[in-house]
Colleague: 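Okay, handing you the structure first.
Small disclaimer: the values here were computed from a predicted structure and weren't measured. In this chain, numbering begins with 1 at the start of the sequence shown.
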Amino acid sequence: YKLRKKELGYYLSSEKLEELKYLLQSNLYYRQNVHFDSTFRSLLIPVSFYTVVHGKLPLFFFINEDLIQVKADSSQLVIFNIFNYGSKNIDFFIGYQIFPYSLTKYIIKLQCFCYEHILILSYSFLKLPVLFYIDSEIFRFDNNYFDNYSCVFFYYHVYKSGKSLEPFLN
């Protein structure tokens with residue numbers, strides 16, 4: 001950015017020099033972001049799912065694929081399955097956790113059944129969709145994360161609900 005009159009043969013005013021610096025920095029910033037975007041948007045993020053049923057609920061809770069690859073800056077749909085193998089209807093809700101917690105701000109749930117009270121009839125089967133998005137900013141946050149850990153972990157927990165939904169069946 002050091003411009004000397006003798007070398008260039010003309011003089012730039014301080015305003016023009018500041019404008020030139022700004023343009024050069026903007027172009028550099030733009031090129032860095034384009035490089036960043038094109039590099040990290042193409043990377044796949046491994047996501048692993050774990051399901052747990054708390055207590056002695058007669059529920060079988062699972063996902064068909066417990067490890068998937070998610071492309072940064074794209075949405076992903078996963079389907080959870082729950083089967084009530086007991087003779088009684090069950091009121092429950094599902095909570096979730098993401099590990100490590102520091103990455104949760106880069107994972108956006110677009111559609112989820114979590115923290116909703118659900119009633120499953122005896123001997124019935126439900127499919128529960130989750131649609132989420134992982135922002136490519138996850139790589140700016142901590143470039144070393146994926147060197148230390150193999151993937152992002154989603155933990156889903158089924159809990160018995162404190163209130164009954166059976167009166168709403170009719």
Colleague: With a 4.5 Å limit on heavy-atom distance, are the side chains of V152 and I45 in contact?
Modeller: yes
Colleague: Where is the tightest heavy-atom contact between G86 and S122, given as atom of each residue plus distance?
Modeller: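 Shortest heavy-atom separation between G86 and S122 comes out as O-CB, 3.2 Å.
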Colleague: Might you point out which heavy atoms bring P46 and C151 nearest each other, and give the distance in Å?
Modeller: O-CB, 2.9 Å
Colleague: So, the side chain of T51 versus the backbone of Y156: is there a donor-acceptor pair under 3.5 Å, distance only?
Modeller: no
Colleague: Would F92 and I94 count as a side chain to side chain contact (heavy atoms under 4.5 Å, CB included) if you check the C-alpha gap in whole Å, the side-chain angles of each, and the deciding distance to 0.1 Å?
Modeller: CA-CA 7 Å; F92 67 94; I94 298 172; 3.8 Å; yes
Colleague: Cation-pi check, K109 to Y96: give yes when NZ or CZ is under 6.0 Å from the six-membered ring centre and within 45° of the ring axis, no otherwise.
Modeller: yes
Colleague: Are L131 and Y115 joined in one hydrophobic group, where the rule is that I, L, V, M, F, W and Y side chains link up if heavy atoms are under 4.5 Å apart?
Modeller: no
Colleague: So do K160 and H54 actually touch side chain to side chain, heavy atoms under 4.5 Å?
Modeller: no
Colleague: If Ile, Leu, Val, Met, Phe, Trp and Tyr residues are connected whenever their side-chain heavy atoms lie under 4.5 Å apart, and connections chain through other members, are Y133 and L44 in the same group?
Modeller: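 No, Y133 and L44 fall in different hydrophobic clusters.
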Colleague: Please determine which of L103, V47, I108 meets the side-chain contact (heavy atoms from CB on, under 4.5 Å) test together with I134.
Modeller: V47
Colleague: How many angstroms lie between OH in Y159 and NE2 in H117, if you round to the nearest 0.5 Å?
Modeller: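 One gets 13.5 Å once the value is rounded to the nearest 0.5 Å.
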Colleague: Same cluster or not: are L77 and I68 linked, directly or through other Ile, Leu, Val, Met, Phe, Trp or Tyr residues, by side-chain heavy atoms under 4.5 angstrom apart?
Modeller: no
Colleague: Are the side chains of Y123 and S87 in touch, meaning some heavy atoms are under 4.5 Å apart?
Modeller: yes
Colleague: Give a yes or no on whether L57 and F83 share a hydrophobic cluster (residues Ile, Leu, Val, Met, Phe, Trp, Tyr; joining criterion: side-chain heavy atoms under 4.5 Å apart).
Modeller: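 In one cluster with L57: F83, no.
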Colleague: Rounded to the nearest 0.5 Å, how far apart are CG of L59 and CG of N81?
Modeller: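 Result: 12.5 Å between the selected atoms.
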Colleague: How far does CD1 of I120 sit from CG of N89, to the nearest 0.5 angstrom?
Modeller: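 Atom-to-atom, I120:CD1 and N89:CG are 9.0 Å apart.
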Colleague: Are I118 and I63 grouped together when hydrophobic residues (ILVMFWY) are joined by side-chain heavy atoms under 4.5 angstrom apart?
Modeller: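 Same cluster: I118 reaches I63 through Ile, Leu, Val, Met, Phe, Trp or Tyr contacts under 4.5 Å.
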Colleague: For E65, does the CD atom sit with more than 12 other heavy atoms under 6.0 Å from it, leaving out its own atoms?
Modeller: no
Colleague: I need the Q76 CD to L110 CG distance, nearest 0.5 Å.
Modeller: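 Answer rounded to 0.5 Å: 11.5 Å.
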Colleague: Mind checking whether C114 and F93 have side chains closer than 4.5 Å, heavy atoms only?
Modeller: no
Colleague: Working to the nearest 0.5 Å, report the span between CG of L128 and CD1 of I79.
Modeller: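 Here the rounded value is 8.5 Å.
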Colleague: Ignoring hydrogens and angles, tell me if any N or O in the side chain of N84 forms a donor-acceptor pair with the backbone of S124 under 3.5 Å.
Modeller: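 Looks like no, no N/O pair under 3.5 Å.
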Colleague: Report yes if the side chains of V78 and F154 come closer than 4.5 Å at any heavy-atom pair, otherwise no.
Modeller: no
Colleague: How about Y101: does its OH atom have over 12 heavy atoms from other parts shown lying under 6.0 Å from it?
Modeller: no
Colleague: Is the OH atom of Y50 crowded by more than 12 outside heavy atoms at less than 6.0 Å?
Modeller: no
Colleague: So among F62, F60, F113, which one has a ring-ring contact (aromatic ring centres under 6.0 Å, His included) with F80?
Modeller: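 Option passing the ring-ring contact (aromatic ring centres under 6.0 Å, His included) with F80: F113.
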Colleague: What distance do C112 atom SG and F132 atom CZ have between them, rounded to the nearest 0.5 Å?
Modeller: 10.5 Å
